[in-house]
Amino acid sequence: MASWADSVDSPRAPEENDTPATPPGFEATSTSEPPQSEAGPSNGALEDGQQDDIKTVSAGDTPYTSATSFDDLPLSEELKKGIYTEMKFDKPSRIQAKSLPMILTPPYRSLIAQAHNGSGKTTCFALAMLSRVDPSLQCPQALCVCPTRELVVQNLHVVQRMGKFASITATSTARTDFHLSRNARVTEQIVIGAHGTLKNWVSKRVLNTERVAILVFDEADEMLKADGFASDSTRMISSIRRQNPQLQLLLFSATFNDDVKAFAQKVVGQDANQVYVPRQELSLDVIKQYWVNCPTAQHKTKVLKDMIFPLCEKLGQTIIFVRMRETARALHAAMETDGHRCTSIQGDMEKDARDRVVAEFRDGATKILISTDVLARGFDVTQVTLVVNYDMPVERDLRTPAFETYLHRIGRSGRFGRKGAAFNFVCGDMEKRILEEIHKYFNHEIPEVKHDDEDRFVEVLQEAGLTEG
DNA sequence: AAAAAAC
């Protein structure tokens with residue numbers, strides 16, 4: 001039985017230097033195109049696997065020993081203090097135990113790391129960046145690229161906490177106190193950003209990447225997606241590699257379908273290490289999933305009003321995912337008109353409005369948040385126990401299920417092994433088929449809950465462990 | 001034909 005882990009046993013020999021060389025500013029056109037992402041059942045990432053161990057593929061002859069304690073790792077006292085007293089971590093998680101020795105041991109090889117929601121990926125790359133910085137050099141040395149502003153902010157926060165006792169400076173492209181002027185320069189040692197601003201900063205020579213020794217991609221499969229950020233990402237990689245051939249590239253994500261994984265392996269090169277954790281830690285298993293047949297589109301809103309919102313008061317927090325920005329806006333308005341308190345977020349909103357909505361949600365001031373896929377990945381609010389797929393996640397063609405997106409969306413609940421549940425709203429044959437395919441792909445039960453069966457909704461949330469009863 | 005970044 002093939003699984004994600006098996007398929008890396010004998011990775012194809014990647015061609016070297018297959019990312020195009022580009023001038024600073026990443027202006028060059030990419031000649032290396034990633035494959036079209038076609039998620040299919042061939043990605044056995046979620047099959048039953050007997051292997052309990054994290055699968056690793058190490059390059060070269062460097063021996064790596066799994067770290068049972070943070071004390072086993074080549075980390076400064078200041079960083080360890082941050083780990084123990086600020087983050088209150090006891091010992092490394094499994095992914096940390098495996099990947100940190102690979103990341104922190106010279107020669108600093110690139111790494112592809114797949115680990116599930118809440119398994120401590122952020123800690124891995126935060127420590128990687130913090131420990132690779134030379135404190136005596138006051139310039140950018142570590143870069144982390146993320147798909148959304150919200151993730152940029154969140155990751156900067158983690159780096160700052162972890163590095164609380166180390167004299168290392170960090171900043172992000174989400175900062176509001178920074179305006180491009182002729183003499184503006186980024187001097188912070190760690191920079192976390194989204195593509196647009198990073199590209200802008202580099203081309204305007206506000207950000208000098210000459211001394212960048214480590215480049216991290218969070219949600220790496222998204223960042224290497226053919227019809228998405230791939231060209232920006234590969235241009236940035238080759239540009240920095242031209243300045244520093246020894247660049248350590250770290251690709252982190254919970255999901256790498258076969259196509260993106262093959263491309264990622266090409267990007268990191270044959271000297272890279274790889275780490276994959278098995279499905280047993282997959283958050284899917286702890287998240288109860290259901291589907292609700294909605295005869296008409298109006299029923300979706302009705303189910304929210306009649307079933308979900310009234311029950312939400314008793315739950316933790318809820319995120320409702322929709323496909324389009326306009327739906328987020330309209331649904332929010334419709335709910336508010338009916339006196340149901342909630343907020344909404346999507347990429348078309350003003351930055352400060354986005355920041356405000358996220359801050360209120362993190363505070364717990366708002367219980368229900370309507371969102372596009374801007375928050376589908378990485379967004380970490382421990383109080384989220386319920387996810388609603390108001391629209392089923394689909395690829396651009398609107399017919400192919402977006403398997404990875406589904407996994408990431410429902411992974412917003414049940415953080416760090418806590419309870420979680422997900423409702424999938426299904427309207428029409430297309431969404432029904434999408435649901436079936438997702439069900440088959442993940443081989444996970446998704447029972448139906450009748451849209452008008454109030455008692456059953458209550459029952460189901462009890463089953464999922466979200467309410468006391 | 002969408003969403004994600006951004007000037």
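Predicted, not measured: the structure shown is a model, and the values here were computed from it. Each chain gets a letter, A, B and so on, in the order the sequences are listed, and its residues count up from 1.
For Lys302(A), the NZ atom counts as loosely surrounded, since its 6.0 Å shell holds 12 or fewer non-hydrogen atoms of other residues, nucleotides or ligands. Counting heavy atoms of neighbouring residues, nucleotides and ligands inside a 6.0 Å radius, atom NE2 of His157(A) does not exceed 12 of them. A 6.0 Å sphere centred on CG of Asp429(A) holds no more than 12 heavy atoms belonging to other residues, nucleotides or ligands.
The side chain of Lys204(A) lies closest to dC7(B), out of dC7(B), dA5(B), dA1(B). Of the candidates dA6(B), dC7(B), dA2(B), dA6(B) carries the atom nearest the Ala194(A) side chain, counting heavy atoms from C-beta on. The side chain of Thr197(A) lies closest to dA6(B), out of dA6(B), dA5(B), dA1(B).
Look at Asp134(A) and Arg211(A) and you find no salt bridge, because none of the NZ, NE, NH1 or NH2 atoms lies under 4.0 Å from a carboxylate O.
For the pair Arg377(A) CZ and dA5(B) C1', the interatomic distance rounds to 15 Å; values are reported in whole Å. Regarding Lys199(A), its NZ atom lies at a distance of 11 Å from the P atom of dA6(B), rounded to whole Å. We find that CE of Met349(A) is positioned 14 Å from P of dA6(B), with the value rounded to whole Å. Atom CD of Glu350(A) is separated from atom P of dC7(B) by 12 Å (rounded to the nearest Å). Here the C1' atom of nucleotide dA4(B) and the NZ atom of Lys351(A) are 14 Å apart, to the nearest Å. Rounded to whole Å, the distance from CG on Asp218(A) to P on dA5(B) is 14 Å. Counting to the nearest Å, the C1' atom of dA6(B) and the CZ atom of Phe229(A) are 10 Å from each other. To the nearest angstrom, P of dA5(B) lies 10 Å from CD of Gln346(A).
Base engagement by Arg396(A) is indicated by at least one non-hydrogen atom pair under 4.0 Å involving a base atom. If you check every strand for non-hydrogen atoms under 4.0 Å, Gly228(A) touches a base. Counting non-hydrogen atoms under 4.0 angstrom, Arg354(A) reaches the backbone sugars and phosphates but no base.
Under 3.5 Å, the side chain of Asp227(A) and the base of dA2(B) form at least one donor-acceptor pair of N or O atoms. Contact annotation: side chain of Arg325(A) to base of dA3(B), donor-acceptor pair absent below 3.5 Å.
Between Thr372(A) and dA2(B) there is no side-chain N or O to OP1 or OP2 distance below 4.0 Å.
A cation-pi contact, defined as under 6.0 Å to the ring centre and within 45° of the axis, links Lys300(A) to Tyr390(A).
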